[in-house]
Amino acid sequence: MPKLTIDGIEIDVAPGTTVLQAAEQLGIEIPRFCYHERLTIAGNCRMCLVEVEKAPKPVASCAMPVGEGMVVRTSTPNILKARKGVMELILINHPLDCPICDQGGECDLQDQAVAFGRDRGRFAETKHAVKRKNFGPLVKAEMTRCIHCTRCIRFCTEVAGVPDLGGIGRGDHMEIDTYVEKAIGTELSGCLVDLCPVGALTSGPFAFKARPWELKKTETIDCLDALGSNIRADSRGNEILRVMPRNNDDINEEWLGDKSRFAVDGLMRGRLDRPYMRKDGKLVEASWSEALQLVASKLKATPAAAMAAIAGDLADCESIAALKDLMSDLKVANLDCRQDFAQLDPNCRAGYLFNATIAGIEEADALLIVGSNPRKEAPVLNARIRKRSLKSSFPVGVIGPKMDQIFKYDHLGDSAALIEQIASGKHPFAATLKAAKKPMLILGMGALSRHDGSAILAACRKLADATGMVKEGWNGFSVLHTAAARVGALDLGFVPEKGGRDVKAILDGAGKGDIQLVYLLGADEIDVSRLGKAFVIYQGHHGDAGASRADVILPGAAYTEKNATYVNTEGRVQRTKLAVFPPGQAREDWKIIRALAETIGIHLPYDNLSQMRARLADINPLFAKTDGVEAAIWGQFASEAAVADEPLKTAIANYYMTDPIGRASPTMAVCVETFVSGAKPRTGTHG
């Protein structure tokens, strides 16, 4: 390991480390604009200049590898003078927009101009301006402020895999632009806002809403897909104004999908903020006591065999556990959490987890994707697959429809019968998987939600065993969920009891009149027209499909409005934190169920959140630990059966509207018009 001296301090670092990285390890600050640890080195802003002994002139520390015996000085008079000169050049054409710039208050250029720049400008000539550009509805471009750090270009090309941005022109006429005017075509476009060190790229939906110092910042978890990305929710008053990613190398690194970032303007639209009861065919306002009394009377009057409960995709573990306890006391066996009819086997945890883990994708050396399009189902995970594919040879095979992807793949076909061919070794891709040291399979909900989903699950388990995917220290069998609540609900056993009905059978029974009462815990993705004449109780936070069919509505809290537990697709237990309070008379979901149980005369053994979480750990000890992944035991799951020779489909066609929050969001509506419907890009909600 090379040893060098920085500002009189000796340090040993790994070979290939740059001077800037070595200085960071010592806590020495070196200013930079173009350098970013997750992007390739550009070395074009020159703000990170340092003196290296025996070098004839200052060097860019971000692009200089360390050498044995190197002596570096980061704050000599010459270096400080050079940095002031560089800052002057950067500010030559930069407009004095700080009072109206959304980056103001959290701007790298502001901070470094104060810390390392001159106290006055000497440039008197006319500043160069750039025509306003349209990058789509999410990213607001004011490219006159651009300092040509090229972070946005490198992110689009390297991480997002969509080379829509580039530099056109030369010298003073250089501009960052989309070569042909178009919206930036990636589901990670909001990350450009985080990366831009100045106010050139800012959030369109957040434009002119608030200043950073006005916002209360709450570190929480995203629940709009099953990844469980770490986020920070910024609020003012009782409204979430923006969401930003937090760094977590095991899950989302520092990226975040556009839906998770921008759909939050749907949180306060279409909200249920008071109880409702249906009278004479119309929903009318009611008090909590009236609504709970009506629900309690119906639950007591209906036979257990004629009642059912369905947990939705955004339900938290506390409310799922409370509802299961209530239904168990009422002897109700018809419970399910699989709104999409996914035929997952709840008896073996390894059969429904992303066992390879999200970070484990970088260790895999071959991949088979079955019935999934990760770009639409989990764009951050998809970027991780691209990251792995750029490192070295990484064969990827896809069984399912062809897709517009950001990594190279071989389309093996769309028939589910190919799974059995690979498992038996008859297909050429079987040899590829067997030759790999750590082969991996991603199984999507598009495959498991079919009528033969259980057979496909069994065939994929057989394929995993046959190709050596499961071995000591590695399990490549990975189920990619699309619902934040699904793994937690399976861990809590919110599935049909012995003799109980699953979602499909519940809907069939309601249509025939066998099911007379259905409790929907935020379940909006089912076909409510199939509920027949059943009495429907809807507990949720948006007036979506479930609420429109309900006979009683109990207003709950969204994921930003409660301290709640979720389990992501890899089995990681995580907790959201309350950022704002629920609107109106809405309450946290488990408390509603607890109050309902008291009204019926059933005592649930928890009165506060700590007791509720102790109950979670009683049901499943995995809930006693958070922020870790415990390897699941590989066993038998799903019974082998014939797989239908039919084309596979993917679970998500419209990435932007997969839940009630997205469907209520005006920003997501503009995204659908721009990216899904093929309409001409608009300036978006900010313009």
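What you are looking at is a predicted structure, and each value in this text was computed from that prediction instead of being measured. Atom set for the values below is all heavy atoms of this structure, side chains included, hydrogens, waters and symmetry mates excluded.
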Does a side-chain N-to-carboxylate-O contact under 4.0 Å join [X] and [Y]?
{"X": "E561", "Y": "R271", "value": "yes"}
{"X": "D313", "Y": "R338", "value": "no"}
{"X": "K387", "Y": "E362", "value": "yes"}
{"X": "D234", "Y": "R242", "value": "yes"}
{"X": "E24", "Y": "R32", "value": "yes"}
{"X": "D102", "Y": "K209", "value": "no"}
{"X": "K562", "Y": "E588", "value": "no"}

In terms of relative ring orientation, are H481 and Y352 parallel, tilted or perpendicular, with 30° and 60° separating the classes? perpendicular
Is the ring pair Y656/F675 parallel, tilted or perpendicular, if the boundaries are 30 and 60 degrees? parallel
Of T565, T626, N230, the one forming a side chain to side chain donor-acceptor pair (under 3.5 Å) with Q574 is N230
Residue pair [X] / [Y], side-chain heavy-atom distance below 4.5 Å:
{"X": "C671", "Y": "D258", "answer": "no"}
{"X": "V518", "Y": "Y538", "answer": "no"}
{"X": "L520", "Y": "I526", "answer": "yes"}
{"X": "L256", "Y": "E254", "answer": "no"}
{"X": "I553", "Y": "L283", "answer": "yes"}
{"X": "C146", "Y": "V130", "answer": "no"}
{"X": "R663", "Y": "D524", "answer": "yes"}
{"X": "R261", "Y": "S203", "answer": "no"}

Take N568 and R486 through the test side chain to side chain donor-acceptor pair (under 3.5 Å) and record every step on the way to the result. CA-CA 8 Å; N568 77 345; R486 185 69 51 81; over 6 Å; no
Distance-only polar pair, side chains of [X] and [Y], donor-acceptor under 3.5 Å:
{"X": "D164", "Y": "T178", "value": "no"}
{"X": "N608", "Y": "R613", "value": "no"}
{"X": "Q539", "Y": "Y519", "value": "yes"}
{"X": "T220", "Y": "T218", "value": "no"}
{"X": "T650", "Y": "E377", "value": "no"}

Taking all non-hydrogen atoms of both residues into account, name the closest pair between [X] and [Y] and its distance.
{"X": "A664", "Y": "P666", "answer": "O-CD, 3.4 Å"}
{"X": "R151", "Y": "F33", "answer": "NE-O, 2.7 Å"}
{"X": "K217", "Y": "P212", "answer": "NZ-O, 2.9 Å"}
{"X": "M445", "Y": "A651", "answer": "CB-CB, 3.9 Å"}
{"X": "A595", "Y": "L292", "answer": "CB-CD1, 4.1 Å"}
{"X": "F208", "Y": "I100", "answer": "CE2-O, 3.4 Å"}

Distance check, rounded to the nearest 0.5 Å: [X] atom [atom1] versus [Y] atom [atom2]?
{"X": "S229", "Y": "R246", "atom1": "OG", "atom2": "CZ", "result": "10.5 Å"}
{"X": "F155", "Y": "C196", "atom1": "CZ", "atom2": "SG", "result": "13.0 Å"}
{"X": "L578", "Y": "T560", "atom1": "CG", "atom2": "OG1", "result": "8.0 Å"}
{"X": "L622", "Y": "L492", "atom1": "CG", "atom2": "CG", "result": "10.0 Å"}
{"X": "M244", "Y": "E219", "atom1": "CE", "atom2": "CD", "result": "12.0 Å"}
{"X": "L314", "Y": "I661", "atom1": "CG", "atom2": "CD1", "result": "5.5 Å"}

Taking [X] for its side chain and [Y] for its backbone only, find out whether a donor-acceptor pair lies under 3.5 Å.
{"X": "R386", "Y": "E158", "result": "yes"}
{"X": "N620", "Y": "F623", "result": "no"}
{"X": "R575", "Y": "D627", "result": "no"}
{"X": "S235", "Y": "N238", "result": "no"}

Verdict with reasoning, E187 to N382, per side-chain contact (heavy atoms from CB on, under 4.5 Å): CA-CA 10 Å; E187 295 77 16; N382 199 60; over 6 Å; no
Are more than 12 heavy atoms from other residues, nucleotides or ligands located less than 6.0 Å from atom [atom1] of [X]?
{"X": "K625", "atom1": "NZ", "answer": "no"}
{"X": "R132", "atom1": "CZ", "answer": "no"}
{"X": "E106", "atom1": "CD", "answer": "yes"}

From L272, D589, I537, residue fulfilling side-chain contact (heavy atoms from CB on, under 4.5 Å) relative to L554: I537
Do K182 and T674 pass the side-chain contact (heavy atoms from CB on, under 4.5 Å) test, and can you show the C-alpha distance, the side-chain angles, and the key distance before you say yes or no? CA-CA 10 Å; K182 65 188 288 289; T674 304; over 6 Å; no
Worked check of side-chain contact (heavy atoms from CB on, under 4.5 Å) between R145 and C101: CA-CA 10 Å; R145 302 171 185 159; C101 177; 3.4 Å; yes
Set out, in order, the CA-CA distance, both residues' side-chain angles and the distance that settles side-chain contact (heavy atoms from CB on, under 4.5 Å) for K133 and D177, then state yes or no. CA-CA 8 Å; K133 303 180 188 301; D177 200 355; 3.4 Å; yes
